[in-house]
Amino acid sequence: MHIKGKISYSSPSNIALVKYWGKEPGDQIPMNPSLSMTLKECKSFTTVEYEVKTDTEPSIEVVFEGKRSIDIEAKLQRWFTKISYFFSWLNYATLKVESHNNFPHSAGIASSASGMSTMAMCLYGIDKHIKKHNENDINLLSNISRLGSGSASRSVLGPYALWGRFDGFENSTNDHAVVYPHVHETFLQLHDTIIVIDKKPKKISSRDGHSLMEGNPYRQARIFQSNKNLEILLQAFKEGNWEKFQHVTESEALSLHALMMSSEGGMLLLKGGTVEWIHYIRNKREERGIPMAFTMDAGANIHLLYPAASHEKVMGILEESPVPSIEFIQDRTGKGPEKMIDEYEEI
Ligand code: PMV
């Protein structure tokens with residue numbers, strides 16, 4: 001076999017409403033189910049130039065945001081050993097990868113979710129040409145993405161994706177994410193304004209953070225809480241109930257950080273500005289009665305979720321805030337990856 005080509009995809013990041021934090025033994029098995037909203041604007045763009053020829057040595061070169069990245073090359077090679085079960089041609093593929101994000105680094109936007117899912121899309125696209133099939137096995141795609149980065153399993157789907165076994169939804173599984181379909185129209189088009197408070201890279205990786213949950217004294221309580229919160233969130237989705245949505249979203253954001261703080265070594269990612277912004281948002285919400293709910297990722301920045309119709313009012317509130325921020329990034333509910341280039345020749 002000898003095939004050459006170039007393939008390119010974009011894939012969005014996602015923001016978890018019920019957070020994945022902690023693993024079970026095995027290969028990327030989550031400790032609890034998580035549910036996220038897929039974003040629309042904050043994306044990774046990945047292009048893979050490939051040559052697959054039987055009996056050649058595999059090689060990979062990655063250029064990330066204009067610079068060669070040995071770290072990403074090593075990360076992808078580790079991932080390839082797991083997924084060559086699906087894509088055996090990786091054992092004789094020459095790959096040149098170029099990838100970049102359209103959002104700033106360390107802005108509280110999960111770049112591993114968007115980055116790994118674009119890569120999974122590209123590999124699956126190559127697989128179609130090699131094996132001459134035209135399937136679109138979204139479960140497989142999500143599974144492959146999961147093996148690269150847990151949260152990436154949810155980025156290939158939208159607008160809402162659920163990953164991890166949950167008793168309240170029969171199709172749920174630890175192997176891949178599924179679209180959660182029973183969503184009231186209130187939540188189908190949400191805005192997410194990301195309040196960037198700190199841009200410095202975090203000192204601890206999410207990989208290390210997940211493993212710290214192994215010895216966390218609140219581990220069992222967290223498993224119970226996340227399942228309960230997911231149950232309430234699904235009720236909110238069904239009823240179009242903003243109060244329940246807000247309750248879960250904020251409980252999850254604060255609990256994620258509380259879990260980090262109570263882990264060995266006391267991981268503290270919140271900044272003073274994060275806490276000030278939270279107080280400001282809660283005060284203004286009470287004063288003006290505008291629905292808006294904050295959440296956070298593993299970082300100091302805030303995602304503020306609200307119905308599309310309140311965009312101007314919310315932006316007015318944010319712009320008149322005395323609490324400083326670096327910038328506001330505007331995003332909203334999205335659907336998932338898009339193909340940009342797919343050309344190849346058989347030699
Ligand atoms: O996918 P990972 O291993 O980078 O973990 C992501 C963890 C959080 O972003 C904090 C929560 C989540 O569910 O996305």
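Each ligand, and each atom within it, is numbered from 1 in the order the structure gives.
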Please identify which atoms of ligand 1 are closer than 4.0 Å to at least one heavy atom of Gly150.
1 (O)
Scan side-chain atoms only and decide if Glu252 and Thr295 contain a donor-acceptor pair under the 3.5 Å cut-off.
no
Geometric class of the His133/Tyr124 ring pair [parallel <30°, tilted 30-60°, perpendicular >60°]
tilted
The closest protein heavy-atom partner of atom 5 (O) of ligand 1 is His210 NE2, 3.0 Å
Would you kindly say whether His303 and Asp331 are connected by a side-chain donor-acceptor distance under 3.5 Å?
no
One finds that the ligand 1 atoms under 4.0 Å from a non-hydrogen atom of Ser112 are 4 (O)
Can you pull out the closest protein heavy atom to atom 4 (O) of ligand 1? Residue, atom name and distance to 0.1 Å, please.
Ser206 OG, 2.9 Å
Check whether any N or O atom of Ser149, backbone or side chain, sits under 3.5 Å from an N or O atom of ligand 1, and answer yes or no.
yes
To check your reading of the model: name the closest protein heavy atom to atom 1 (O) of ligand 1, its residue, and the distance in Å.
Ser151 OG, 2.6 Å
With ring-ring contact (aromatic ring centres under 6.0 Å, His included) as the test, pick out the partner of Phe187 among Tyr306, Phe237, Tyr180, Tyr160.
Phe237
Under the criterion side chain to side chain contact (heavy atoms under 4.5 Å, CB included), I'd like the reasoning laid out for Leu268 against His257: C-alpha separation, chi angles, the key distance, then a yes or no.
CA-CA 7 Å; Leu268 178 58; His257 284 269; over 6 Å; no
State, without any angle test, whether Asn14 and Ser151 hold a side-chain donor-acceptor pair at a distance under 3.5 Å.
no
Part of Arg207 within contact of ligand 1 (heavy atoms, under 4.0 Å):
neither
With heavy-atom distances below 4.0 Å as the criterion, list the atoms of ligand 1 near Ala16.
12 (C), 13 (O), 14 (O)
Parallel under 30°, tilted from 30 to 60°, perpendicular over 60°: which one fits the rings of His311 and His191?
tilted
Ranked by distance from atom 10 (C) of ligand 1, the top protein heavy atom is Asp297 OD1, 3.3 Å
Shortest protein heavy-atom distance from atom 11 (C) of ligand 1, along with the residue and atom involved
Tyr20 O, 3.4 Å
Which residue and atom name correspond to the protein heavy atom nearest atom 14 (O) of ligand 1, and how close is it?
Arg154 NH2, 2.8 Å
So which heavy atom on Lys43 is nearest to which on Ser10, and how close?
CD-OG, 3.8 Å
